[in-house]
Amino acid sequence: AIRVKFSGKFKSPDILSTVGYDSIIQHLNNGRKNCKEFEEFLKERAAVEERYGKDLLSLSRKKPCGQSETNTLKRALEVFKQQVDNVAQCHIQLAQSLREEARKMEEFREKQKLQRKKTELVMDAVHKQKSLQFKKTMDAKKNYEQKCRDKDEAEQAVSRSANLVNPKQQEKLFVKLATSKTAVEDSDKAYMLHISTLDKVREEWQSEHIKACEAFEAQECERINFFRNALWLHVNQLSQQCVTSDEMYEQVRKSLEMCSIQKDIEYFVNQRKTGQIPPAPIMYENFYSPQKNAVPPGKATGPNLARRGPLPIPKTSPDDPDYSLVDDYSLLYQ
């Protein structure tokens with residue numbers, strides 16, 4: 001492909017015009033601004049990643065997540081919490097990497113700024129020199145043209161004074177004509193000298209303009225390449241973050257594959273079992289039956305120590321003085 005060069009496309013027929021050069025400078029300034037914007041974008045993205053990483057880290061370490069689970073599911077949850085912690089750390093590390101890329105972009109911008117400054121100083125000098133020399137040349141031209149008009153007027157005055165009889169007046173006119181001719185010759189020489197000098201200045205400016213265009217074109221190629229690579233690297237970093245996160249989450253999936261419902265149920269039963277004997281049947285009890293003092297419903301059977309045994313046989317007889325009788329006593333109320 002044919003390479004389009006700056007030096008052949010930013011010219012102007014006006015010797016004082018810097019429109020082509022100014023257009024290039026504006027483009028370079030826009031490019032530098034674009035790099036600055038991307039640099040700020042990287043810094044903001046780094047802040048987002050760091051904030052997300054820290055929030056995720058806090059969530060992983062402080063928020064309970066199935067803390068009462070046991071056995072294989074508990075181990076899977078521990079892997080899950082650890083991998084979330086690892087993902088959070090990766091986002092924090094990504095933030096540091098993004099800040100490093102932003103710093104590289106800043107260094108690149110500053111390097112190009114210094115390189116441009118050298119070229120711009122040279123171009124500013126030749127622009128001023130060209131403008132100054134052009135002004136001197138135009139002033140010399142005006143002076144030359146004025147001297148030519150003065151000489152023409154002196155020649156016309158001499159022609160008109162041909163019939164004058166006053167020799168002194170004629171002599172004055174001839175002296176003035178001779179003086180004007182000398183002034184024209186001197187101004188012509190000065191004008192031609194300024195033209196020659198201006199042409200040298202123009203050639204020098206044109207040479208520097210070509211050099212500047214080549215330098216700026218090289219810088220722009222470098223900038224576009226650097227910017228493109230920086231953006232490419234950025235999206236690669238984001239993709240790698242996704243890959244890394246997925247690898248960590250894969251560890252959680254593998255842990256969940258090892259989770260056994262049967263083992264967790266058996267583990268719970270073995271750890272918390274309370275016995276294999278169910279409660280005894282609840283029997284009917286008639287209030288008037290001898291069993292009315294039987295075991296209350298739901299209570300285990302066994303010896304009832306509270307039940308009263310048979311009455312003791314008195315050791316004394318009714319005739320015994322210690323044996324007391326109660327007269328007229330009946331258990332039945334009248």
Side-chain angles (χ1 to χ4, degrees), residues 1-50 94-138 194-238:
I2 299 175
R3 182 180 176 184
V4 179
K5 294 185 177 182
F6 285 6
S7 59
K9 300 297 180 179
F10 292 93
K11 297 179 180 179
S12 173
D14 184 0
I15 192 172
L16 291 181
S17 175
T18 59
V19 61
Y21 176 80
D22 293 340
S23 179
I24 294 175
I25 292 298
Q26 182 61 46
H27 180 72
L28 295 181
N29 287 338
N30 289 339
R32 185 167 180 269
K33 179 182 177 183
N34 293 336
C35 289
K36 176 66 175 178
E37 289 175 351
F38 183 63
E39 175 190 328
E40 294 299 326
F41 178 89
L42 288 176
K43 291 179 180 178
E44 288 295 326
R45 181 59 188 265
V48 170
E49 292 291 339
E50 183 176 51
L94 176 60
Q96 296 174 348
S97 298
L98 294 180
R99 289 193 179 95
E100 178 63 20
E101 293 306 314
R103 184 189 63 80
K104 291 179 181 178
M105 178 63 77
E106 181 181 10
E107 290 179 350
F108 175 78
R109 285 192 307 104
E110 291 302 316
K111 183 192 73 173
Q112 284 209 328
K113 179 181 178 181
L114 294 176
Q115 291 175 344
R116 275 182 53 191
K117 192 65 176 178
K118 296 177 182 179
T119 303
E120 289 176 1
L121 288 175
V122 174
M123 290 303 295
D124 289 344
V126 295
H127 283 156
K128 291 179 182 179
Q129 185 181 13
K130 182 183 65 171
S131 298
L132 180 60
Q133 185 58 41
F134 180 79
K135 183 179 183 303
K136 290 180 178 179
T137 302
M138 292 300 101
H194 281 296
I195 286 291
S196 177
T197 303
L198 178 60
D199 193 55
K200 292 179 180 179
V201 171
R202 181 190 62 80
E203 290 180 352
E204 181 182 359
W205 167 82
Q206 188 170 348
S207 176
E208 293 298 334
H209 178 76
I210 293 174
K211 292 179 183 179
C213 286
E214 291 175 348
F216 291 155
E217 183 177 2
Q219 272 202 339
E220 184 62 2
C221 290
E222 182 185 21
R223 185 194 69 82
I224 293 175
N225 183 62
F226 187 88
F227 200 160
R228 173 184 176 276
N229 291 342
L231 188 57
W232 193 294
L233 176 62
H234 176 60
V235 294
N236 279 351
Q237 288 175 321
L238 300 183

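The chain is numbered in sequence order, starting from 1. Heavy atoms only: backbone and side chains are in, while hydrogens, waters and symmetry mates are out.
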*asked:* With a 4.0 Å cut-off on N to O distance, would you call Lys36 and Glu40 a salt bridge?
replied: yes
_Can you tell whether the side chains of Arg223 and Glu220 come within less than 4.0 Å, N to carboxylate O?_
yes
Any non-hydrogen side-chain atom of [X] less than 4.5 Å from a side-chain atom of [Y]?
{"X": "Asn229", "Y": "Asn225", "value": "yes"}
{"X": "Leu114", "Y": "Glu110", "value": "no"}
{"X": "Glu120", "Y": "Tyr21", "value": "yes"}
{"X": "Arg116", "Y": "Ile25", "value": "yes"}

Is it the case that over 12 heavy atoms from other parts of the model lie below 6.0 angstrom from the [atom1] atom of [X]?
{"X": "Glu222", "atom1": "CD", "result": "yes"}
{"X": "Lys135", "atom1": "NZ", "result": "no"}
{"X": "Phe41", "atom1": "CZ", "result": "no"}
{"X": "Lys11", "atom1": "NZ", "result": "no"}

Can you tell me how far the [atom1] atom of [X] sits from the [atom2] atom of [Y], to the nearest 0.5 Å?
{"X": "Phe10", "Y": "Cys213", "atom1": "CZ", "atom2": "SG", "value": "7.5 Å"}
{"X": "Asn34", "Y": "Glu39", "atom1": "CG", "atom2": "CD", "value": "12.5 Å"}
{"X": "His194", "Y": "Lys136", "atom1": "NE2", "atom2": "NZ", "value": "7.0 Å"}
{"X": "Gln133", "Y": "Ser196", "atom1": "CD", "atom2": "OG", "value": "9.0 Å"}
{"X": "Glu101", "Y": "Leu233", "atom1": "CD", "atom2": "CG", "value": "4.5 Å"}
{"X": "Glu37", "Y": "Lys33", "atom1": "CD", "atom2": "NZ", "value": "5.5 Å"}

_Result of checking Glu208, Glu204, Arg202, His209 against Gln206 for side chain to side chain donor-acceptor pair (under 3.5 Å)_ = Arg202
*Can the ring centroids of Phe216 and Phe6 be said to lie less than 6.0 angstrom from one another?*
no
Taking every non-hydrogen atom, the tightest pair across [X] and [Y]:
{"X": "Thr119", "Y": "Ala212", "value": "CG2-CB, 3.5 Å"}
{"X": "Ser17", "Y": "Lys130", "value": "O-NZ, 4.0 Å"}
{"X": "Ala102", "Y": "Lys43", "value": "CB-CG, 3.8 Å"}

*Geometric class of the His127/Trp205 ring pair [parallel <30°, tilted 30-60°, perpendicular >60°]*: tilted
_Evaluation steps, side-chain contact (heavy atoms from CB on, under 4.5 Å), between Lys117 and Lys113_ = CA-CA 6 Å; Lys117 192 65 176 178; Lys113 179 181 178 181; 5.7 Å; no
_Option among Met105, Arg109, Arg103 that satisfies the side chain to side chain contact (heavy atoms under 4.5 Å, CB included) test with Glu107_ = Arg103
*Output, in order, the C-alpha distance, side-chain angles, deciding distance and verdict of side-chain hydrogen bond (donor to acceptor under 3.5 Å, both in side chains) for Gln26 and Asn30.*
CA-CA 6 Å; Gln26 182 61 46; Asn30 289 339; 3.2 Å; yes
*For Val201, does its backbone N or O pair with a side-chain atom of Gln129 as donor and acceptor, under 3.5 Å?*
no
